[in-house]
Amino acid sequence: MADIDITDKIGYTLLKKGIIDYETLEKSLHTREAEDKKNRRNLGQILVTDFHIDHDLVFREVANLYAFREIYLSDEVIDNLRIEFIKKNVDALPENYRDLLIQTRMLPLKFDEKQPEKLIVIASDPTDRNIPSIARNFGVKKYEVCYCRLKELQGLIEQVVPPENEFLKLLASADVQLQGGSDDESNVDEETLESEISKSALVNLVEGCLVEAVRQGASDIHIIGKEGNRTEILMRLDGNLKLWHIQENTMPEAVAAVVKDRSKNVDRFEREMSQDGFIQRNIDGHQIRFRVSIMPIVGTEFKHKFESIVIRVLDDRKVITDLSKLGLQGPAKDFFYKAISKPQGIIILTGPTGSGKSTTLIAALHQVIDPTVNVLTVEDPVEYIIKGARQLKIGSKMDFDLAIRGILRHDPDIVLVGEMRDKVTAEIAIKLANTGHLTFSTLHTNDAPSAISRLYKMGIESFLIAYAINIIVAQRLIRTLCKNCKKPQKMTDKDVQIFLKFGFTEDMIKNSTFYEPVGCDKCNAGWKGRAAIHEALYFTREIKQLIVSAGDDVNEAAIRDQAMKDGMWTLRRSGMERMMEGATTLEEIVATTTEE
């Protein structure tokens, strides 16, 4: 075993604090000694790059030892003026130094308040030997290098210098003209198709599309074959589809074949039936999964076999694990926490596809998961990996129904049933709730009271519904206004009358500022992001009594009236609260909800 020089303070400090072990230190020192003196990396860089030790744990100690000041971006005002200042200084650099700045992960942050001629430069590794040469090119007399955590700095770098999409760059530079296909009306010419696919432009288009969807925050990608050798690619941003690219002079089958080639569990030559597959990619340092759905569609050109492809972007970074960040408002928040705190019973989320039901359920599960309980989930398909839960795998040998039946024998404490799709699923979920298990599930209905009718019409006994369910939460996602450009709405007398008719009181209107969309370079026509609105029907004694005494038909109106007496906000009332917060508009709430 080689001797370790105890005077190597970085290594000794990291060893002492338990960040690295003795063996790792020894190996890293050997690596450093073996490197050429001129290009030798410091110990911190070797530990992070070669031994995958957490960057911020290592360089915080390096910064402390060499007395670099630490700057917390959370304490700084990073507004549009600051972004423009950073951008201006970065753009003024020669191109080779600009690339080096991104590679070195450093940025000019601001001028020092006490010494206005001194530029504050932040870096995730303040000891990087490239920093002085880059800093000199900012054209300032003085500068100070400060340490900033990589996790914080990386986000700011991406804001200032958005990462380049290499695939789209290759596509733009490609001088290949993609041609139309065969005139043979009986079959797709596989040779012509193969020649189109072999041209790199199509591969770059599909790969570039996946990267761009993640960076733009799209929830889905739609690829639709059209007549005239055209393929349209759309992205769903903040709930709305937006045209991203039109591929001309290319057989739609060629674009579809490239997607299929990149998808697992999909047959490229099958064009007559629906198929489901998935793609996995590492984008900007994050593992992203894409769920692929392929359906044959009808077209007017019989020589082509058109298909519609929808790719769902499953980005684990978007998963909310903290229930407090879910945005539950008013009574819904108290009701929901009360419902999931019970040892047994069902929590049901209702709403259309894409209304964020799964997100809410996962956040609720994270609230109740701990090592003392066995948490089982049955979903088809599984969207997100939930740490601490055993997620049953649905496949050809175990379908959804078999998995549901199997969990009864698998000693569960908490169960997530992806969807109560029929009487069998609903009955097992009810049975779980009545035998001491906390159960989470979803149902496709418009509002909370209609979920009770749906279960009743499935054939579930009314007394089982009444005593198995803790809460039913109806949810919708509404678009939120861009904070950067929204402007206060000038309320006319006509507007006031419309707001009063909608349900606002005069005090609500008087004490609130309502906003309208404008549009800027940071948003989509004045809109950016989405927020949830909820209708939480908590099962009080009175609600249970109404269900049990329902007879042959569940009276939804009576249940709604009683729930509102118990404090329930309707979806519209929840939407009104979002408007009074300045987050959305009346038009958006009207478009998303229906009249009570």
Side-chain angles (χ1 to χ4, degrees), residues 78 80 83-84 86-87 102 151 154-173 201-224 231-247 255 258-259 262-263 278-293 308-320 353-356 358-359 383-384 477-486 517-532 583-584 588:
I78 309 293
N80 290 337
I83 296 286
E84 285 306 313
I86 299 169
K87 217 168 186 172
I102 296 161
K151 289 185 181 102
Q154 192 63 44
L156 187 55
I157 289 172
E158 284 173 16
Q159 264 185 281
V160 176
V161 191
E164 201 169 32
N165 191 327
E166 288 298 321
F167 298 107
L168 297 187
K169 191 178 174 185
L170 286 167
L171 185 66
S173 63
L202 265 189
V203 173
N204 289 331
L205 175 67
V206 172
E207 290 291 347
C209 173
L210 297 177
V211 172
E212 210 57 29
V214 172
R215 287 182 181 164
Q216 288 189 27
S219 60
D220 300 88
I221 304 162
H222 289 239
I223 301 172
I224 310 152
T231 302
E232 290 181 1
I233 302 177
L234 303 96
M235 291 191 187
R236 190 175 290 282
L237 294 158
D238 296 334
N240 288 353
L241 282 174
K242 188 179 177 184
L243 185 65
W244 179 73
H245 178 80
I246 297 174
Q247 184 62 41
V255 180
V258 171
V259 176
R262 268 142 190 76
S263 307
F278 68 93
I279 300 170
Q280 199 158 293
R281 290 287 180 274
N282 193 300
I283 296 171
D284 298 334
H286 295 277
Q287 200 71 20
I288 308 289
R289 292 181 304 128
F290 301 87
R291 196 177 75 215
V292 183
S293 170
S308 168
I309 300 172
V310 175
I311 304 171
R312 169 64 58 91
V313 183
L314 301 172
D315 188 342
D316 287 324
R317 291 170 296 177
K318 289 183 178 178
V319 175
I320 299 170
T353 304
S355 60
S358 298
T359 303
E383 289 197 350
Y384 296 105
L477 288 178
I478 53 158
R479 292 182 300 163
T480 52
L481 292 163
C482 172
K483 291 175 185 175
N484 188 55
C485 66
K486 67 179 182 179
V518 178
C520 66
D521 59 352
K522 289 182 171 62
C523 66
N524 183 17
W527 300 95
K528 190 171 177 66
R530 289 191 289 175
T584 192
E588 180 65 11

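As the structure is a computational prediction, the values presented were derived from the model and not from experiment. Atom set for the values below is all heavy atoms of this structure, side chains included, hydrogens, waters and symmetry mates excluded.
Minimum interatomic distance between Ala218 and Met235 (heavy atoms only, all atoms of both residues): CB-CB, 4.1 Å. Minimum heavy-atom separation, Gly217 to Leu237: C-CD2, 4.1 Å. Taking both residues in full, the closest heavy atoms of Leu205 and Trp244 are given as CD1-CZ3, 4.1 Å, listed atom of the first, atom of the second, then distance. Taking all atoms of both residues into account, the shortest heavy-atom contact from Cys209 to Ile233 is SG-CG2, 3.8 Å. Nearest heavy-atom pair across Ala525 and Pro517 is O-CB, 4.0 Å. Here the closest non-hydrogen pair linking Ser308 and Ile224 is OG-CG1, 4.5 Å.
A distance of 11.0 Å separates CZ in Phe278 from CG in Leu314, rounded to the nearest 0.5 Å. Note that the CZ atom of Arg289 and the CG atom of Asp315 stand 10.5 Å from one another [nearest 0.5 Å]. Between the CD1 atom in Ile311 and the OG atom in Ser263 there is a gap of 6.5 Å [rounded to 0.5 Å]. Taken to the nearest 0.5 Å, the NZ atom of Lys242 stands 14.0 Å off from the CZ atom of Arg236. Within the model, atoms NE2 of His286 and CG of Asp316 stand 10.5 Å from one another, a figure rounded to the nearest 0.5 Å. We find the CD1-OG1 distance between Ile223 and Thr231 to be 8.5 Å, quoted to the nearest 0.5 Å.
Proximity of Gln154 to Asp284: side-chain heavy atoms (C-beta onward) are nowhere separated by under 4.5 Å. Using a 4.5 Å heavy-atom threshold, the side chains of Phe290 and Arg281 count as touching. For the pair Val313/Asp220, no side-chain contact is recorded, criterion being any heavy-atom separation below 4.5 Å from C-beta on. With a 4.5 Å cut-off on side-chain heavy atoms, Trp527 and Asn240 do not count as touching.
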For this session: Tell me, with the steps shown, if Val310 and Ile221 meet side chain to side chain contact (heavy atoms under 4.5 Å, CB included).
Result: CA-CA 6 Å; Val310 175; Ile221 304 162; over 6 Å; no
For this session: List the steps, then state whether side chain to side chain contact (heavy atoms under 4.5 Å, CB included) holds for Ile78 with Ile83.
Result: CA-CA 7 Å; Ile78 309 293; Ile83 296 286; 3.7 Å; yes
Exercise. How far apart are the C-alpha atoms of Leu156 and Ile86, what are their side-chain angles, what is the distance that settles it, and do they pass the side chain to side chain contact (heavy atoms under 4.5 Å, CB included) test?
Worked result: CA-CA 10 Å; Leu156 187 55; Ile86 299 169; 4.1 Å; yes
Exercise. Can you check side chain to side chain contact (heavy atoms under 4.5 Å, CB included) on Glu212 and Leu210, steps first, answer last?
Worked result: CA-CA 6 Å; Glu212 210 57 29; Leu210 297 177; over 6 Å; no
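Taking a cutoff of 4.0 Å between a charged side-chain nitrogen and a carboxylate oxygen, Arg262 and Glu207 qualify as a salt bridge. No salt bridge links Asp238 with Arg530; every basic N to acidic carboxylate O contact stays at or beyond 4.0 Å.
Not one N or O on the side chain of Glu588 forms a donor-acceptor pair closer than 3.5 Å with the backbone of Ile478. Between the side chain of Thr480 and the backbone N or O of Lys528, at least one donor-acceptor pair lies under 3.5 Å. Formation of a donor-acceptor pair under 3.5 Å by the Ser355 side chain with backbone atoms of Leu477 is not found in this model.
Remark: Arg291 pairs with Glu383 by the salt bridge (charged side-chain N to carboxylate O under 4.0 Å, His left out) rule, at least two apart or across chains.
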